[in-house]
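Encoded as structure tokens, the structure appears first; notes follow it.
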Amino acid sequence: MDTPLSTIAVVGLGTMGTGIAEVLALAGREVIGIDISEAAALGAVASLEASTARAVGRGRITEEERGAALARFRTADTLQAAADAELVIEVVPESYEIKQQVFRELDAVVSPTTILATGTNALSVTRLAAESQRPERVLGLHFFNPAPAMKLVEVVSSVLTAPPAVETVTALARELGKEPVAVGDRPGFVADGLLFGYLNQAAAMYEANYASREDIDAAMKLGCGLPMGPLALLDLIGIDTARTVLEAMYAESHDRLHAPAPILGQLSSAGLTGRKAGRGFYTYDAPGGQDVVPDALTPAAGAEAGAGRAVASVGVAGSGTMASGIAEVFAKAGYGVVLAARTQEKADLAKGRIATSLERSVSKGRLSAEARDETLARITAAGSLDAFAEVDLAVEAVAEDLEIKQQLFAALDKVCRPGAVLATTTSSLPVVAIARATARPEDVIGMHFFNPAPAMKLVEVVRTVLTADDVHATVRAVCAKIRKHPVDCGDRAGFIVNALLFPYLNNAIKMVEQHYASLDDIDAAMKLGGGYPMGPFELLDVVGLDVSLAIEKVLHKEFRDPGLAPAPLLEHLVAAGCLGRKTGRGFREYARR
């Protein structure tokens with residue numbers, strides 16, 4: 001089945017179809033763009049002219065290459081124009097009825113050797129192939145938007161697809177400069193299969209009024225390094241499109257995590273489908289616009305929850321990486337810091353770690369030697385919590401164990417002066433259970449820093465039902481002074497980031513368990529298709545599989561959702577002592593240092 005694929009038809013000249021046509025034309029293929037809408041065809045030509053002109057202006061192609069590419073692209077309004085194509089890629093609306101009609105008509109037009117590819121990301125390739133007279137030559141070819149820029153292409157085989165057809169199309173993807181990933185036929189495939197479950201949970205979190213849209217989006221951008229927050233991304237994708245994908249996923253998986261959040265249906269029914277409508281989760285300057293404009297839900301500039309308490313000195317309890325990082329952050333911001341550990345030796349070692357960190361900053365030109373010395377001078381290392389007697393804010397960063405934290409807060413309650421704010425950095429434990437270990441739970445709040453604390457900008461500010469308003473205001477003001485971005489959330493498992501991140505990671509593990517895709521393909525799909533800085537298995541090995549399992553268990557226990565149950569493979573690896581980079585082996589093996 002040696003098909004040259006020199007002439008390719010693209011059916012459907014919306015944004016995706018036009019982008020695919022541009023990629024093909026620039027790669028030297030003769031491209032026939034087919035759409036029943038004359039306006040769509042004219043728009044595709046104009047778009048191709050404009051984008052190639054920009055490419056010339058940026059020096060990416062020459063004027064001669066532009067002219068040749070434009071000459072290779074022609075449009076038509078009937079499928080008859082695909083008669084000589086060796087590959088047809090359809091990107092018509094996500095409807096079985098529409099796509100099946102396209103395939104039936106193509107069967108009567110194209111050569112018996114022509115490969116028919118669907119660009120669907122939500123519908124069954126097998127079901128579409130079964131309606132064709134040549135199911136062995138039907139497959140999925142899922143580009144990502146914008147097609148000229150995005151490297152990932154998912155090549156989807158059904159049980160009916162002939163391997164040579166897959167090989168031919170995979171080779172084409174590589175010639176186009178793309179990274180093809182081979183996947184089987186299931187709704188969402190790899191990238192969207194993981195992405196849309198995460199987006200759905202973010203929509204449900206917002207719908208539950210757990211956190212504001214701005215805080216949810218900021219948390220995932222700053223806490224995970226994502227290019228966009230989930231609600232802004234839903235607006236970009238189209239809320240109606242996201243709901244269609246989720247419906248298809250739920251129909252197959254029956255996983256409640258894929259059952260579309262009701263707000264997606266409500267917004268879709270109201271015509272508030274995102275950027276294309278000018279309004280979705282956010283409001284935009286115009287239909288199709290990119291700029292968010294203030295609306296009734298936009299927080300007022302500078303609005304804070306009243307006056308807080310004065311904070312001049314800070315105590316940090318702990319001697320690990322997180323504790324020393326937090327102490328460094330406060331000292332750099334001008335606070336006097338008491339860094340207390342269980343022994344003086346441990347406290348001195350933690351301060352030494354800070355000195356090393358500051359020295360690295362000096363060597364990289366980020367900090368002056370004078371600022372280094374001043375910062376270090378603000379930190380007092382102590383071998384007992386008694387040194388916290390006069391601090392205004394005490395922050396604990398000890399082991400993630402409820403009993404240990406409760407014992408520590410009981411001690412802080414006795415040592416710290418009345419009116420001092422007591423903060424826990426827990427990422428998974430109930431803050432209120434820690435607060436109840438004191439006689440002043442109204443003074444207790446969560447301040448969840450992210451590791452490494454000096455570099456990560458996010459702090460999740462976690463209020464319990466007992467936290468006083470002025471304590472919340474105090475911590476918000478402190479975050480501003482230490483140049484961190486605070487996001488408000490309630491006291492429930494995972495807060496914002498972990499509650500959205502770890503179900504996504506768990507679902508990635510389940511894909512491997514089901515032999516649907518390889519570790520490498522899943523990691524590549526999420527980095528290339530979703531813009532993630534790390535693939536899920538890279539991240540799991542960095543975080544630690546034991547830490548990941550503990551968080552998964554907490555989420556499952558609190559929300560009681562079967563879809564949140566930790567993947568057995570994760571439990572098996574932890575039981576075997578394969579905890580990730582720190583042990584030299586997790587999902588992958590690492591060289592011992």
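Of the options Val497, Val461, Val462, a side-chain contact (heavy atoms from CB on, under 4.5 Å) to Cys489 is made by Val462 and by none of the others.
A salt bridge links Arg476 with Asp488: at least one charged nitrogen is closer than 4.0 Å to a carboxylate oxygen. The pair Glu179-Arg174 fails the salt-bridge criterion, with no side-chain N (NZ, NE, NH1 or NH2) lying under 4.0 Å from an Asp/Glu carboxylate O. Salt bridge status for Glu252 with Arg186: absent, with no side-chain N to carboxylate O gap under 4.0 Å. Between Asp443 and Arg309 there is a salt bridge, since at least one side-chain N of the basic residue sits less than 4.0 Å from a carboxylate O of the acidic one. Between Glu390 and Arg417 there is no salt bridge, since no side-chain nitrogen of the basic residue lies less than 4.0 Å from a carboxylate oxygen of the acidic one.
Atom NE2 of His556 and atom CG of Leu549 lie 12.0 Å apart (nearest 0.5 Å). Note that CZ of Phe189 and CE of Met249 are 11.0 Å apart. Values are rounded to the nearest 0.5 Å. Within the model, atoms NE2 of His572 and CD1 of Ile509 stand 12.0 Å from one another, a figure rounded to the nearest 0.5 Å.
Contact detail for Leu385 and Ala340: the closest heavy-atom pair is CD2-CB, 4.3 Å. Here the shortest heavy-atom pairing between Phe281 and Leu264 reads CZ-CD2, 4.0 Å. Among all heavy-atom pairs drawn from Arg440 and Leu412, the shortest one is NH2-O, 3.5 Å. Across all non-hydrogen atoms, the minimal contact from Val314 to Val391 is C-CG1, 4.0 Å.
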Task: CA sep, side-chain torsions, deciding dist, call: Leu233, Leu199, side-chain contact (heavy atoms from CB on, under 4.5 Å) - done: CA-CA 8 Å; Leu233 183 54; Leu199 296 178; 4.0 Å; yes

Open item on the list: Test side-chain contact (heavy atoms from CB on, under 4.5 Å) on Asp217 and Met228; report intermediate values, then the result.
Closed with: CA-CA 7 Å; Asp217 280 354; Met228 293 184 74; over 6 Å; no

- [ ] Applying side-chain contact (heavy atoms from CB on, under 4.5 Å), run through Val316 and Val338 and close with a yes or a no.
- [x] CA-CA 6 Å; Val316 179; Val338 178; over 6 Å; no

Open item on the list: Run the side-chain contact (heavy atoms from CB on, under 4.5 Å) test on Thr356 and Arg353 for me, step by step, so that the C-alpha distance in whole Å, both residues' side-chain angles and the decisive distance to 0.1 Å come before the verdict.
Closed with: CA-CA 5 Å; Thr356 300; Arg353 190 181 299 116; 5.7 Å; no

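A donor atom on one side chain and an acceptor atom on the other are not found under 3.5 Å apart for Tyr516 and Asp185. Between the side chains of Thr426 and Glu400, a donor-acceptor pair is found at a separation under 3.5 Å. Counted by atom type alone, Tyr532 and Asp523 present zero donor-acceptor pairs between their side chains at under 3.5 Å. No donor-acceptor contact under 3.5 angstrom links the side chains of Thr467 and Glu442, judged on distance only. No donor-acceptor contact under 3.5 angstrom links the side chains of His448 and Thr425, judged on distance only.
No more than 12 heavy-atom neighbours from other residues, nucleotides or ligands sit within 6.0 angstrom of CD on Glu345.
For the pair Arg492 and Tyr210, the cation sits on the ring face: its NZ or CZ lies under 6.0 Å from the ring centre, inside 45° of the axis. Cation-pi contact between Arg378 and Tyr335: absent, since separation from the ring centre below 6.0 Å together with deviation from the ring axis within 45° is not met.
Tyr198 and Tyr504 have tilted rings, their planes meeting at an angle from 30° to 60° on a 0 to 90° scale. Classification of the Tyr250-His254 ring pair by plane angle, with boundaries at 30° and 60°, yields perpendicular.
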